[in-house]
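Here's the structure, in structure tokens; my notes come after.
Here the structure is a predicted model, which is why all the values come from computation and not from measurement.
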2 protein chains.
Amino acid sequence: MVGQAGGKQPTINDVAALAGVSKKTVSRVINRSEFISEKTRKAVQGAIETLGFVPNPQARALAFRRNFLIALLHDNPNAQTVLNFQQGVLDAIKDSDLALLVRPVDRGSDRLLDDVRTFLEKQRPIGAMLLPPISENDDLAALCETLGVRYVRVGSAPLDDPQHCVSSNDHDVVKEAVRRLVDLGHRRIGFVRGPEGFRSAAEREKGFREALADAGLSLAEEHYAPGNYRYAAGVEAGEKLLALAEPPTAIFCSNDEMAAGVMSVAHGKGIAVPGALSIIGFDDSPTATHIWPALSTVRWPIRQMGVRAAQLLVPDFLGAGAKAIDPDPAALTSTFVERQSVAPPGR
Amino acid sequence: MVGQAGGKQPTINDVAALAGVSKKTVSRVINRSEFISEKTRKAVQGAIETLGFVPNPQARALAFRRNFLIALLHDNPNAQTVLNFQQGVLDAIKDSDLALLVRPVDRGSDRLLDDVRTFLEKQRPIGAMLLPPISENDDLAALCETLGVRYVRVGSAPLDDPQHCVSSNDHDVVKEAVRRLVDLGHRRIGFVRGPEGFRSAAEREKGFREALADAGLSLAEEHYAPGNYRYAAGVEAGEKLLALAEPPTAIFCSNDEMAAGVMSVAHGKGIAVPGALSIIGFDDSPTATHIWPALSTVRWPIRQMGVRAAQLLVPDFLGAGAKAIDPDPAALTSTFVERQSVAPPGR
DNA sequence: TTGTAAGCGTTATCAT
DNA sequence: ATGATAACGCTTACAA
């Protein structure tokens with residue numbers, strides 16, 4: 001309440017003096033100890049409020065040997081994803097004493113593990129969140145375990161025990177999206193893959209192939225294009241697939257950025273979208289709605305996943321409000337979003 | 001070097017014992033005190049290395065009354081901008097002991113100041129970086145000053161003393177971009193504005209109007225559209241401007257997202273871009289290259305600005321490497337990037 | 001140039 | 001249920 005501009009912040013000693021108790025008792029109130037009488041708790045609470053006392057996190061960190069921080073470790077090509085996830089985490093920890101430390105890492109570096117180790121040993125966060133693709137690195141998870149840092153891994157499929165993992169259902173939802181193409185009458189459906197070594201890329205491909213198989217179709221070799229989640233790869237894929245004598249009438253791209261690349265090629269060649277070519281992406285990134293025609297895609301509930309990750313990581317630190325957010329598991333499900341880039345074939 | 005998995009980390013006492021000096025001497029070495037003989041420094045350094053000693057940041061924070069953190073405060077609608085800036089900051093602090101704390105705030109909240117105050121008092125970062133639009137809030141800067149937290153403000157124009165400010169030259173570069181349209185022969189040039197109350201929006205409008213004035217033109221009332229940096233505003237603006245009896249032959253949009261909206265409307269109406277309509281955006285966001293045709297825009301050196309912000313904020317904490325990055329002021333200049341969305345009028 | 005003693009603001013231990 | 005005292009690991013002030 002007070003917080004004099006220049007003046008000193010009140011300390012636990014001030015509170016103890018005012019409440020007429022020992023500092024340890026104040027500490028107990030702060031840390032919600034059970035062994036304390038309701039009466040003294042009230043007295044201490046009162047003193048805390050009149051003084052406007054806020055426990056010093058640095059001192060607590062020293063005594064606890066742990067900082068009240070959550071670390072977000074990522075090496076993510078998609079800024080929007082990282083920031084949306086951040087936002088979800090922040091939604092969840094808003095009313096807690098936690099803060100968010102961001103740490104981009106280089107998954108290509110051979111010192112990745114050492115870097116992360118040093119970082120965690122120094123900062124000593126309560127826990128760490130691992131975003132894909134580094135979430136797929138088992139050594140990283142083991143390292144957290146070793147260092148006594150809680151962790152949660154975010155992925156396109158279950159990567160770990162349920163309590164260490166927030167995962168989306170990429171496989172199922174891609175299947176649904178492709179089934180929609182089949183239902184519209186498409187038979188020649190192209191596929192643009194994500195990068196090798198990414199679990200998400202593998203999951204999406206699996207869903208794609210299963211949808212085709214379910215419809216009695218299969219992916220023609222010539223309708224397959226490799227990719228790396230970048231726009232340029234989409235352009236390359238588009239140039240390959242749309243130059244065929246019998247080009248696909250629909251193309252599923254493993255993310256929106258590559259879908260935008262394919263769409264550019266279509267525009268350039270005068271191929272009408274969706275009249276002559278349907279396109280589906282994945283991510284529901286800003287790009288999906290910014291391009292024309294608007295892209296059908298898969299919406300990945302990344303912000304909700306951030307909330308869930310925080311709930312999993314630090315349930316004991318969150319306020320009641322944060323615990324209540326998103327009790328619905330359906331909110332964590334990816335969904336297919338149909339927009340103007342999809343239509344029946346050969347219209 | 002050591003870092004036994006379960007074992008204790010070595011402390012300053014261990015180093016002192018091994019080196020045969022007092023802990024204060026070790027402290028002096030850590031903190032690069034001048035008053036120390038080369039001989040003992042070497043000895044201490046040796047002990048530090050053989051033990052693999054890393055000073056405990058929590059303890060230092062307590063003693064220093066300051067955390068070795070930089071806070072990034074933002075309320076930014078553009079994820080890419082925030083993340084690119086983050087990246088720049090991280091480039092700069094990579095070899096230092098600093099870490100980056102991210103704090104989104106709500107500029108609409110009437111508790112903004114209190115929230116930030118609480119945050120800064122708790123976390124006690126060395127310094128804070130304010131991204132636009134909250135960087136334009138003088139009270140926030142004053143608050144940092146009061147709390148003894150260094151600060152740097154990032155903006156579209158100088159917002160503060162040079163040592164507290166990293167700014168881009170929005171005004172000049174917009175002028176250049178619009179001049180390019182004039183040079184191509186455009187006379188009816190539309191303008192889509194950014195949100196009221198944003199300095200960047202004002203700067204861009206100023207540059208736009210000056211470019212027209214320099215060419216002896218002026219902005220017709222009907223060629224002006226308000227906006228808010230969102231796609232939907234671009235759509236609205238496009239629908240207004242392109243429905244005119246004499247529509248503009250070129251439209252300058254105050255950011256890429258709105259430019260994408262205008263472009264969608266053009267596509268929908270069958271207006272060829274750039275054949276019948278040239279469009280320019282601002283930001284060089286991913287959207288600029290993902291849409292078709294690729295958008296001419298202004299590239300804002302946001303990552304470099306992150307580096308510069310860090311250099312300004314904590315020069316005394318950066319390694320030699322970080323200080324050397326980007327000595328070229330030209331690297332901090334926004335530039336006009338011409339892509340396919342611009343051509344002579346009425347082709 | 002180096003060392004000693006006293007914090008920094010909190011929690012842990014072990015009494016009572 | 002509460003309190004005295006010693007950590008936690010480092011820095012500052014003041015001596016030497």
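- For the OP1/OP2 pair of dC10(D) and a distance below 4.0 Å, the side-chain nitrogens and oxygens of S27(B) include no atom meeting the criterion.
- Rounded to whole Å, atom C1' of dG9(D) lies 16 Å from atom CZ of R66(A).
- If you measure from atom CZ of R65(A) to atom P of dG9(C), you get 20 Å, rounded to the nearest angstrom.
- Look at N31(A) and you'll find a side-chain N or O under 4.0 angstrom from OP1 or OP2 of dT11(C).
- Dashed line: the shortest gap from a side-chain N or O of T11(B) to OP1 or OP2 of dG9(D) is not under 4.0 Å.
- Separating the NZ atom of K23(A) from the P atom of dT5(D) is a distance of 11 Å, rounded to the nearest angstrom.
- In this structure, Q58(A) places its CD atom 10 Å from P of dT10(C), rounding to the nearest Å.
- Ring geometry for F317(B) against F68(B) counts as perpendicular: the plane angle is over 60°, on a 0 to 90° scale with 30° as the lower cut.
- Residue Q123(B) contributes atom CD, which lies 15 Å from atom C1' of dG9(C) at whole-angstrom precision.
- We find that CD1 of I12(A) is positioned 16 Å from C1' of dG7(C), with the value rounded to whole Å.
- Atom CZ in F35(A) sits roughly 17 Å away from atom P in dT11(C) (whole-Å rounding).
- Listed here is the closest heavy atom pair of L159(A) and V154(A): CD1-O, 3.9 Å.
- Taking only side-chain nitrogens and oxygens, R60(B) comes nearer than 4.0 Å to OP1 or OP2 of dT11(D).
- Checked against dT2(C), dT11(C), dT2(D), the side chain of S37(A) finds its nearest nucleotide in dT2(D).
- Applying the 3.5 Å distance criterion, the base of dG3(C) shares a donor-acceptor pair with the side chain of R28(B).
- Residue pairs meeting the salt bridge (charged side-chain N to carboxylate O under 4.0 Å, His left out) criterion with at least one member in residues 125-139 of chain B, sequence neighbours excluded: D138(B)-R153(B).
- Among residues at least two apart or in separate chains, there is no salt bridge (charged side-chain N to carboxylate O under 4.0 Å, His left out) pair with a member in residues 9-30 of chain A.
- Annotated stems with DNA chain C as a participant read C:1-16 with D:1-16, given as range with range, by first number; only runs of 3 or more Watson-Crick or G-U pairs under 3.5 Å qualify.
- Closest to the side chain of N56(B), out of dG9(D), dA4(D), dT11(D), is dG9(D).
- No N or O donor and acceptor, one from the side chain of K24(A) and one from the base of dT11(C), sit under 3.5 Å apart.
- Counting only distance, with no hydrogens or angles, the side chain of N84(B) and the backbone of I302(B) share no donor-acceptor pair below 3.5 Å.
- The existence of a salt bridge linking D97(A) and K122(B) is confirmed by a sub-4.0 Å separation between a basic side-chain nitrogen and an acidic carboxylate oxygen.
- Salt-bridge check for R150(A) with D316(A): passed, with a basic side-chain N closer than 4.0 Å to an acidic carboxylate O.
- T25(A) has no side-chain polar atom (N or O) that falls below the 4.0 Å cut-off from OP1 or OP2 of dT2(D).
- Projected onto DNA chain C by closest heavy-atom contact, L62(B) and S33(B) fall at different nucleotides, the more 5' of which corresponds to S33(B).
- The side chain to side chain donor-acceptor pair (under 3.5 Å) with E121(A) is formed by just one residue from the set Q123(A), R124(A), R117(A); it is R117(A).
- Distances shorter than 4.0 Å separate none of the side-chain N or O atoms of S22(B) from OP1 or OP2 on dT2(C).
- P55(B) comes within 4.0 angstrom of the backbone, heavy atoms only, and of no base.
- Rounded to an integer number of Å, the gap from CZ of F68(B) to C1' of dG9(D) is 13 Å.
- Contact between the side-chain N/O atoms of T40(A) and the OP1/OP2 oxygens of dT2(D) is found at a separation under 4.0 Å.
- Residue A63(B) has its side chain nearest to dC8(C) when only dA12(C), dC8(C), dT1(C) are considered.
- Using a 4.0 Å heavy-atom cutoff across all strands shown, V26(B) reaches no nucleic acid atom at all.
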